[in-house]
Participant: 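This is the structure, below, for whatever I ask next.
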Amino acid sequence: MTDEAAQTGIPSPEGATELIDTEYEIGQHNVEGSVGPFDFDIHNPVFLVSGISIAAFVFYALVFQEQAAAAFGALRPWLTSTFDWFFLIAGNLFVLFCLFLIVSPWGKVRLGGREATPDYTYVGWFAMLFAAGMGIGLMFFGVLEPVYHMAVSQPLGVPSPFAEDGTIIAANVDAAKRMGLAATIYHWGLHPWAIYAVVALALALFSYNKGLPLTIRSAFYPIFGERIWGLTGHIIDTLAVFATLFGLATSLGFGAQQANAGLEHVFGIPNSINVQVLLITVITIIALISVLRGLDGGVKVLSEINMGLAALLLVFVLLVGPTMVILADFFAGLSTYASNMLSLSNPIGRADDSYVHGWTTFYWAWWISWSPFVGMFIARVSRGRTVREFIICVLIIPSLVCVLWMAVFGGVAIDQVLSDPLNSAVKAQVIDSYNPPISLFAMLEGLPLASITSTLGIVLVIVFFVTSSDSGSLVIDTITAGGKVDAPVPQRVFWCVFEGVVAIVLLLGGGLGALQAMVISTGLPFALVLLLMCIAIFKGLLSEPR
């Protein structure tokens, strides 16, 4: 080891072989796998513990549906009101840590070593990163959230433009519009991508530069040392599996409800739990095919298709909508977000409980629960980037894309609501009756070619659905196989099927409330894991040659 490595306890690239030879029960760091393609490789206890625990949960939720629904219904509000301060503080720390790395000397460190080159072009890299990280969420919340925050949730106490009798209060319109977009940008901008960046950087650094397996426990070698190969590491990886699985199940539930709403809106197919279960089943089967094709043949191809279709829909809405108003809203929302970010991030003395508890706390838990999945996925496709390039691209560029998406879709919807509130389908579905899955299609209804664009929206939701499912199952499989990136095929199939089963069970056992409750309950302990991960990253970078 180098002198710096000896001081920090982290193996340098030259000392990686020494660490890899360490006696290690999870495959002796064999990240390539050593069994046949149709065998199981379950000597890692994380696989058995995770699989059995989740199977027991599925059994409970199916057999005792009423009891489970009541428990899930009470769990979410208790968690969001009790731990809101913790989630907000943690989110702020992740952003500050990432911004520090951008300007620090360690920004020059290259993931994979000095001679490493990127495995993917920027276009392919951004497509996979974006589709896995935000796809279903942007489709589901792109119209819903800006309109709802403008008119109902009143973040930071900014008054609604609507009086109690439904008439518009002209004096409140401008401030409400700006805050509606700013409050949405806060949820989809720097904070979530900082959470993803922390996990992705930790995995990439300790796998590519230190020679450790590509699994969550590897990031904690600087803190726990050899204990990561024992019980401590098993607990960390098991928490990662739980968080990832329930985070994915929530996204799949959102996707199924929105796809069903779109099918009813366009084709008259009934909007029911049975149709949503059928959708999850069919899409899980499609995801299985993609899983069997692997990262390059499945996920990468679907991600690039997603990006193309999403860009097409975005450009269409921008051009046929009030283009100049949308562009003005983009800059106004961004400016309002920047000027109010500290207030929106403040965990103390907030009076806007509906916004903080109903939205922010849930989002932060959702992003944290997604972080092992998105983080590992980003790490797998980010070899060869410098730390500075990595953080800027993962943190800044996707945030700007999310801002643009929300400004276009949310801006058009807000314009429809304020221009003709009596006939606005968006106002009827979001403000008057609060029907989130239909909000996108209600907005498209007010634009030309509504049947075509709504059909495209359904396709996008489904393809994003498939992308999340197959990439998520690859990631969970890697964690439960001790870091093997090419574990046996049946294990990948097992986790892909399990994701669909958990999503179905949670929908049956309480709907979206149950999905959100499980996300928060698994995101809470994993937030502590991520805070420790920041310390480990810093110690790991200290051992890198500069």
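Heavy atoms only: backbone and side chains are in, while hydrogens, waters and symmetry mates are out. The model shown is predicted, which means the values in this text are computed figures rather than measured ones.
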Participant: For Asp352, what residues pass the salt bridge (charged side-chain N to carboxylate O under 4.0 Å, His left out) criterion, not counting sequence neighbours?
Facilitator: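 Salt bridge (charged side-chain N to carboxylate O under 4.0 Å, His left out) list for Asp352, sorted by chain: Arg350.
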Participant: List the steps, then state whether ring-ring contact (aromatic ring centres under 6.0 Å, His included) holds for Phe254 with Trp366.
Facilitator: CA-CA 12 Å; Phe254 281 136; Trp366 191 17; 5.3 Å; yes
Participant: Do Phe100 and Phe538 pass the side chain to side chain contact (heavy atoms under 4.5 Å, CB included) test, and can you show the C-alpha distance, the side-chain angles, and the key distance before you say yes or no?
Facilitator: CA-CA 11 Å; Phe100 163 74; Phe538 184 70; 4.1 Å; yes
Participant: Step by step, work out the side-chain hydrogen bond (donor to acceptor under 3.5 Å, both in side chains) result for Trp495 and Thr480.
Facilitator: CA-CA 10 Å; Trp495 288 114; Thr480 57; 3.2 Å; yes
Participant: Do Ser399 side-chain atoms and Gly189 backbone N/O form a donor-acceptor pair below 3.5 Å?
Facilitator: yes
Participant: Give a yes/no verdict on a cation-pi contact between Arg383 and Tyr208, requiring under 6.0 Å between NZ or CZ and the six-membered ring centre and an angle within 45° of the axis.
Facilitator: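 Ring-cation test returns yes.
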Participant: When rounded to the nearest 0.5 angstrom, what distance separates CH2 in Trp193 from CG in Leu395?
Facilitator: 10.0 Å
Participant: Report yes if the side chains of Met533 and Leu201 come closer than 4.5 Å at any heavy-atom pair, otherwise no.
Facilitator: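 No, side chains not in contact.
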Participant: If we ignore angles and hydrogens, is there a donor and acceptor under 3.5 Å between the side chains of Asp84 and Thr361?
Facilitator: no
Participant: For residues Val394 and Ala197, report the shortest heavy-atom separation together with the two atoms involved.
Facilitator: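 Reported closest heavy-atom pair: CG1-CB, 3.9 Å.
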Participant: Would Tyr186 and His149 satisfy side-chain hydrogen bond (donor to acceptor under 3.5 Å, both in side chains), going step by step from the backbone distance to the final call?
Facilitator: CA-CA 12 Å; Tyr186 172 61; His149 293 329; over 6 Å; no
Participant: Using the rule ring pair (Phe, Tyr, Trp, His ring centres under 6.0 Å), only one of Phe362, Phe141, Trp364 pairs with His187; which is it?
Facilitator: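 Going through Phe362, Phe141, Trp364 one by one, the ring pair (Phe, Tyr, Trp, His ring centres under 6.0 Å) with His187 is satisfied by Trp364 alone.
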Participant: How about Asn271 and Gln276: does a side-chain donor come under 3.5 Å of a side-chain acceptor?
Facilitator: yes
Participant: Just so I know, are the side chains of Trp188 and Leu138 near enough to count as touching, which here means a heavy-atom distance under 4.5 Å?
Facilitator: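 SC-SC contact between Trp188 and Leu138 confirmed.
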Participant: Backbone N or O of Leu79 within a donor-acceptor pair of the Thr82 side chain at under 3.5 Å?
Facilitator: no
Participant: Please step through side chain to side chain contact (heavy atoms under 4.5 Å, CB included) for the pair Val529 and Phe220, ending with a clear verdict.
Facilitator: CA-CA 9 Å; Val529 173; Phe220 295 90; 3.3 Å; yes
Participant: Donor-acceptor pair, distance only, cut-off 3.5 Å: does the side chain of Thr281 make one with the backbone of Val277?
Facilitator: yes
Participant: Side chain to side chain contact (heavy atoms under 4.5 Å, CB included), that's the test. Do Val241 and Asp237 meet it? Break it down for me.
Facilitator: CA-CA 6 Å; Val241 171; Asp237 277 352; 5.6 Å; no
Participant: Taking Trp85 for its side chain and Pro347 for its backbone only, find out whether a donor-acceptor pair lies under 3.5 Å.
Facilitator: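 The answer is no, because no donor-acceptor pair under 3.5 Å joins these two groups.
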Participant: Would you check if Ser439 and Phe140 make a side-chain contact, meaning some heavy-atom pair closer than 4.5 Å?
Facilitator: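 When only atoms from C-beta onward are counted, Phe140 and Ser439 do not touch, as no gap falls below 4.5 Å.
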Participant: Could you list the residues that satisfy side chain to side chain contact (heavy atoms under 4.5 Å, CB included) with Thr238, not counting sequence neighbours?
Facilitator: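 Testing Thr238 for side chain to side chain contact (heavy atoms under 4.5 Å, CB included), a comparison that skips the adjacent residues, returns Val46, Val49, Ser50, Phe242.
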Participant: Answer yes or no: is there a side-chain heavy-atom contact under 4.5 Å between Phe390 and Leu101?
Facilitator: no
Participant: Run the numbers on Tyr434 and Tyr148 for ring-ring contact (aromatic ring centres under 6.0 Å, His included), then give the verdict.
Facilitator: CA-CA 9 Å; Tyr434 192 65; Tyr148 191 82; 5.1 Å; yes
Participant: Just how far is it from atom CG of Leu144 to atom CZ of Phe409, taken to the nearest 0.5 Å?
Facilitator: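 Here the rounded value is 14.0 Å.
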Participant: If we ignore hydrogens and angles and just use 3.5 Å, is the side chain of Asn209 paired with the main-chain N or O of Arg110 as donor and acceptor?
Facilitator: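 Checking the backbone N and O of Arg110 against the side chain of Asn209, a donor-acceptor pair under 3.5 Å is found.
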